[in-house]
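Reviewing the structure listed below.
Note that these values count all heavy atoms, side chains included, but never hydrogens, waters or copies made by symmetry. We count ligands from 1, going down the list as the structure has it; atoms in each ligand are counted the same way.
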Amino acid sequence: MKKNAKPLPLIIDCDPGQDDAIALMLAMASPAELDLLGICAVAGNVPLRLTEANARRVRDVAGRPEVAVFAGCPRPMVKILETGEYVHGKSGIDGADLPEPSRPAEAEHAVDWLIDTLRRADDPITLATLGPLTNIAMAIVMAPDIVENISELVLMGGALSLGNITPAAEFNIYSDPHAAHIVFEAGLKLTMIGLDVTHQARATPARLEAIRAIGNPAATCVAGMLDFYGAQYVSTFGEGAPLHDPCVIAYILRPDLFAGQEMRVDIEISSPLTIGRTVCDVHARSGRAANVNVLENIYADGFFELLGERLARLPKNI
Ligand code: BDR
Ligand code: CA
């Protein structure tokens, strides 16, 4: 981002989730660059009543209780809800050890708020999506005109290579492939940050200890979550939890830390074997126009420097 530019209007849609929680902290610790208009919660890693409460807990530890949190869709558009407690624990943010949230969620449904906010916006808004795309797809179906006011949608989801929930699919896209299909076909400026990138952003023991050493409540909470989350990952993916969702916020703040290329990406919605696969046309075999900026690499040391520097700015007491 350019120095001295106006803060970028941003909405985060998420399903916290330890890595969602860390992404929220990174965004809330960056008010000079990001004008966080609100946080929408969706069902995903755990049911909606937990994801929305977790978002509210995280805003408190980040010292940003004024940021509005809206509860959205409690299930995917077509599929049944399949949550991920086996990775995230019963609460979704096991290891965080955070108190009850200080105040409730807003009364308005996240999808209604998204539509109203995008329609009323003077300047186009960036969307950062960290979970299943249900809320965003519902908003696009109900009010297709909002697409004009979305400057870019940066999502964590999909993979160029292998999946994590199935051999073919990544969790966020697999969870609501029909929603992903709607979003990928909507004509938006899309940047996809898939598993190929996020598995390069691993919280190795040295990186984790550097975060713990910051010592404020937010960093202590991040270290606790990564202890839990890393332990769930280790048997399948090896040491060092991948920080999937924080990569989205890091890209918005520091696109220079990433590299990728434009290509056609389609979402598999019918095959039982590969449902939720992001079919990435790397070698332009389909002859169809590119619709996604697919990121492939991250400078991980730079990413962890940014994360540590921002976490250190969060309150010393809560
Ligand atoms: C994605 O799925 C969830 O487990 C994480 O929060 C992340 O958004 C990774 O596949
Ligand atoms: Ca997530």
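- Looking at ligand 1, you won't find any N or O of Gly131 less than 3.5 Å from one of its N or O atoms.
- Taking 4.0 Å as the cut-off, Asn164 counts as a neighbour of ligand 1 on heavy-atom distance.
- With a heavy-atom cut-off of 4.0 Å, Val87 does not touch ligand 1 at all.
- A 4.5 Å side-chain heavy-atom check between Leu307 and Leu243 finds at least one atom pair inside the cut-off.
- Counting only heavy atoms of the protein, atom 8 (O) of ligand 1 lies nearest to Asp245 OD1, 2.7 Å.
- Ile93 places a side-chain heavy atom less than 4.5 Å from the side chain of Ser91.
- Residue-and-atom listing of protein N/O/S atoms under 3.0 Å from the Ca ion (ligand 2), sorted by chain and number: Asp15 OD1, Asp20 OD1, Asp20 OD2, Leu130 O, Asp245 OD2.
- With rounding to the nearest 0.5 angstrom, the CD atom of Gln232 is 11.0 Å from the CG atom of Asp227.
- Side-chain N/O atoms of Asp19 and His244 include no donor and acceptor closer than 3.5 Å.
- Not one N or O of Tyr229 is nearer than 3.5 Å to an N or O of ligand 1, by distance alone.
- Glu152 and Thr191 share a donor-acceptor pair across their side chains, judged by distance under 3.5 Å alone.
- Using modelled atom types and a 3.5 Å distance limit, the side chains of Glu268 and Ser270 yield a donor-acceptor pair.
- Residue-level proximity to ligand 1 for Asn45 is carried by the side chain, the only part with a heavy atom below 4.0 angstrom.
- The distance criterion of under 3.5 Å between nitrogen or oxygen atoms is met by Asn172 with respect to ligand 1.
- A side-chain donor-acceptor contact under 3.5 Å links Gln200 and Asn297.
- Residue, atom and distance of the protein heavy atom nearest to atom 10 (O) of ligand 1 are Glu170 OE2, 2.4 Å.
- Annotation: His88 places an N or O atom under 3.5 Å from an N or O atom of ligand 1; distance criterion only.
- Between Tyr229 and Tyr233, the ring planes lie perpendicular to each other; the angle is over 60°, past the 30° to 60° tilted range.
- Residues His109 and Phe70 place their aromatic rings such that the two centres sit no closer than 6.0 Å.
- Looking at Ser286 and Asp281, their side chains do bring a donor and an acceptor atom within 3.5 Å of each other.
- In terms of polar-atom proximity, His244 is not counted as a contact of ligand 1, lacking any N or O under 3.5 Å from an N or O of the ligand.
- Every atom of ligand 1 is numbered from 1 in the order shown, and the set under 4.0 Å from a heavy atom of Phe171 is 2 (O), 3 (C), 10 (O).
- At the shortest separation from atom 7 (C) of ligand 1 among protein heavy atoms lies Asp19 OD2, 3.2 Å.
- Put simply, no part of Gln18 is less than 4.0 Å from ligand 1, judged by heavy atoms.
- Within the listing of ligand 1, atoms 1 (C), 7 (C), 8 (O), 9 (C) sit less than 4.0 angstrom from a heavy atom of Met156.
- A 4.5 Å side-chain heavy-atom check between Asp97 and Cys221 finds every atom pair outside the cut-off.
- Using a 4.5 Å heavy-atom threshold, the side chains of Asp13 and Ile136 count as touching.
- The distance from the CG atom of Leu37 to the CD1 atom of Ile11 is 5.5 Å, given to the nearest 0.5 Å.
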